[in-house]
Participant: 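After the structure tokens below, expect a handful of questions from me.
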Amino acid sequence: MWIPVLGLIVGFMALVWSADKFLSGAASTAHNLGVSKILIGLTIVSIGTSAPEIFVAITASLAGNPLLGIGNAIGSNIANIGLVLGVTALVAPLPFSVRVLQAELPWLLGATLLALVLMFNLELNVVDSLILLAGLLLILYFLVSQRTPAHTEISETIQADLDELPEMTTWQGVLWLIGGLVILVASSHLLVWSASDIAHRLGVSDLVIGLTIVAVGTSLPELAATVAAAVKGHTDIAIGNVVGSNILNILAVLAVPGFVTTVQMEPVALWRDCGMMAALTLLLALFAYGINSRAVITRFEGAVMLLAWVGYNSLLVQQSVH
């Protein structure tokens with residue numbers, strides 16, 4: 001048992017490290033080739049931050065474990081809201097930026113509803129995946145094509161990511177791009193093998209492992225970065241970071257398994273897991289638009305979100321024990 005556990009830990013560490021190098025290499029290469037900063041921010045940086053989830057979904061689907069990929073996408077969204085925002089709000093109250101309120105949160109609500117509708121028949125196929133991907137392309141087109149200052153301005157989250165990217169020569173960028181990609185693929189294979197092996201040893205489904213261990217593992221870098229930003233006083237980027245990540249998890253990560261194979265799901269995956277994802281997303285919207293006179297997640301509201309996440313995972317463990 002210790003070998004797959006060790007493989008899981010090494011896989012997570014290599015996945016996060018290689019995703020960062022892959023993103024830095026891709027962004028630097030694009031910048032050196034003359035691609036505009038806003039286009040890099042809206043495409044390479046925004047999508048590249050979800051590289052771990054995307055590569056895990058691809059690897060799991062190709063290995064015959066598509067439910068692990070679906071569980072990772074749904075579980076990451078649940079963890080991002082319940083765990084990441086819940087813990088961060090306990091550190092410092094989190095305000096909603098105007099951009100999140102007017103654009104990004106409505107997009108997340110729409111993407112969540114779209115996913116629920118497409119999976120209502122307990123199946124995810126290539127047509128469903130194409131629809132999800134079309135939604136992502138529509139949002140990116142909207143962001144790139146708008147010409148008003150309010151829309152062409154890069155969000156605080158993406159701007160912060162751009163500021164952290166190191167300067168590289170073109171050859172250095174290409175090297176990190178290729179090297180990061182190779183290690184991303186290898187670490188994804190190690191992670192999926194380890195997670196699947198642990199699932200079989202414990203007698204639980206790939207879906208549950210994806211919803212718990214893999215989802216939390218791929219959300220830990222998000223948690224560390226968001227809490228660090230809150231401690232430094234940059235609370236304004238925390239919610240935008242999570243909302244943007246969740247949009248990509250639905251429209252990009254969730255779409256991956258359906259391109260590889262037609263995935264059949266059990267009713268519990270829709271009502272319990274997708275239902276929890278939708279409930280936490282609606283709770284986030286309620287905190288944004290309905291409860292307070294000002295749009296902010298208070299410490300009490302953060303505690304509510306964190307307790308909801310703990311309760312959900314407790315239910316998963318209880319139902320998985322034979």
Side-chain angles (χ1 to χ4, degrees), residues 50 52-54 56-83 108-133 135 191-192 195-200 202-219 245-284 308-322:
S50 291
E53 289 90 344
I54 292 173
V56 167
I58 293 172
T59 304
S61 300
L62 292 174
N65 303 315
L67 287 175
L68 195 153
I70 290 178
N72 184 25
I74 297 172
S76 291
N77 275 23
I78 294 171
N80 280 346
I81 296 177
L83 176 63
L108 176 59
L109 290 168
T112 303
L113 178 60
L114 177 62
L116 291 174
V117 170
L118 293 176
M119 293 190 293
F120 192 75
N121 62 351
L122 301 179
E123 181 180 288
L124 186 71
N125 55 40
V126 66
V127 175
D128 300 326
S129 296
L130 285 171
I131 294 173
L132 290 171
L133 189 60
L191 181 61
V192 168
S196 299
D197 191 78
I198 292 172
H200 296 153
L202 296 178
V204 301
S205 67
D206 288 331
L207 177 67
V208 170
I209 290 295
L211 287 164
T212 53
I213 297 175
V214 179
V216 172
T218 52
S219 293
S245 176
N246 281 16
I247 291 172
L248 287 166
N249 282 339
I250 293 175
L251 299 180
V253 181
L254 189 60
V256 168
F259 282 120
V260 178
T261 183
T262 298
V263 187
Q264 303 293 333
M265 296 177 291
E266 296 182 1
V268 68
L270 180 68
W271 302 113
R272 180 193 64 195
D273 306 323
C274 293
M276 185 62 182
M277 178 180 70
L280 280 176
T281 303
L282 288 173
L283 185 64
L284 183 63
W309 179 80
V310 171
Y312 166 74
N313 280 273
S314 300
L315 177 65
L316 278 180
V317 172
Q318 183 181 17
Q319 292 182 347
S320 299
V321 174
H322 297 293

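What you see is a predicted model; the values in this text were computed from it and never measured.
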Participant: Got a sec, which residues hit side chain to side chain donor-acceptor pair (under 3.5 Å) with N246, two or more places apart in sequence or on another chain?
Facilitator: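 Here the qualifying residues are N80.
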
Participant: Is the backbone of W309 close enough, under 3.5 Å, to the side chain of N313 for a donor and an acceptor to pair up by distance?
Facilitator: yes

Participant: How about S76 and N249: does a side-chain donor come under 3.5 Å of a side-chain acceptor?
Facilitator: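 Per modelled atom types, S76 and N249 side chains form no pair under 3.5 Å.
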
Participant: Applying the side chain to side chain contact (heavy atoms under 4.5 Å, CB included) test to M276, which of I74, I78, I81 qualifies?
Facilitator: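 With M276 as partner, side chain to side chain contact (heavy atoms under 4.5 Å, CB included) holds for just one option, I78.
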
Participant: Starting from the C-alpha separation in whole Å, work towards a yes-or-no answer on side chain to side chain contact (heavy atoms under 4.5 Å, CB included) for L248 and V253.
Facilitator: CA-CA 7 Å; L248 287 166; V253 181; 5.8 Å; no

Participant: For a 4.5 angstrom cut-off between non-hydrogen side-chain atoms, does T262 reach V126?
Facilitator: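 No, their side chains stay 4.5 Å or more apart.
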
Participant: Apply side chain to side chain contact (heavy atoms under 4.5 Å, CB included) to residues V204 and V317 and explain how you reach the verdict.
Facilitator: CA-CA 9 Å; V204 301; V317 172; over 6 Å; no

Participant: Check whether any side-chain heavy atom of L108 lies under 4.5 Å from a side-chain heavy atom of I250, and answer yes or no.
Facilitator: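 They are in side-chain contact.
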
Participant: Between atom CG of L133 and atom CD1 of I131, what is the distance when rounded to the nearest 0.5 Å?
Facilitator: 11.0 Å

Participant: Does the side chain of Q319 come within less than 4.5 Å of V208's, by heavy atoms?
Facilitator: no

Participant: Please examine the side chains of L270 and M265, heavy atoms only from C-beta on, and report whether any two atoms are closer than 4.5 Å.
Facilitator: no

Participant: How many angstroms lie between atom CG of L202 and atom CD1 of I209, to the nearest 0.5 angstrom?
Facilitator: 6.0 Å

Participant: Kindly give the heavy-atom pair with the smallest separation between S61 and P257, and that separation in Å.
Facilitator: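 Result for this residue pair: OG-CA, 3.3 Å.
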
Participant: Run the numbers on T112 and M277 for side chain to side chain contact (heavy atoms under 4.5 Å, CB included), then give the verdict.
Facilitator: CA-CA 8 Å; T112 303; M277 178 180 70; 4.2 Å; yes

Participant: Would you compute the distance between atom CG of D273 and atom CG of L207 and round it to the nearest 0.5 angstrom?
Facilitator: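 So the CG of D273 and the CG of L207 are separated by 5.5 Å.
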
Participant: For the CG atom of N72 and the CG atom of L254, what is their distance to the nearest 0.5 Å?
Facilitator: 10.5 Å

Participant: Identify the residue among V214, T218, N77 that makes a side chain to side chain contact (heavy atoms under 4.5 Å, CB included) with E53.
Facilitator: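 Of all the options given, the one that passes is T218.
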
Participant: Can you see which heavy atom on P66 is nearest to which on V263, and at what distance?
Facilitator: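 Looking at all heavy atoms of both residues, the closest pair is CB-CG2, 3.6 Å.
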
Participant: According to the side-chain hydrogen bond (donor to acceptor under 3.5 Å, both in side chains) rule, which pairs have a member within residues 202-212, sequence neighbours left out?
Facilitator: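 Applying side-chain hydrogen bond (donor to acceptor under 3.5 Å, both in side chains) to every pair that reaches into residues 202-212, excluding sequence neighbours, yields nothing.
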
Participant: Tell me, please, which residues at least two apart from E123 pass side chain to side chain donor-acceptor pair (under 3.5 Å).
Facilitator: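 By the side chain to side chain donor-acceptor pair (under 3.5 Å) rule, E123 matches N125, Q264.
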
Participant: Rounded to the nearest 0.5 Å, how far does CD1 of I70 lie from CG of L124?
Facilitator: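 Rounded to the nearest 0.5 Å, the CG-CD1 separation comes out at 5.0 Å.
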
Participant: As an exercise, state the distance from CG of L132 to CZ of F259, rounded to the nearest 0.5 Å.
Facilitator: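 Between L132 CG and F259 CZ, I get 8.0 Å after rounding to 0.5 Å.
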
Participant: Check whether any side-chain heavy atom of L83 sits under 4.5 Å from a side-chain heavy atom of V310, and report yes or no.
Facilitator: no

Participant: Ignoring hydrogens, what is the shortest heavy-atom contact between S129 and A255? Give both atom names and the distance.
Facilitator: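 It is OG-O, 2.6 Å.
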
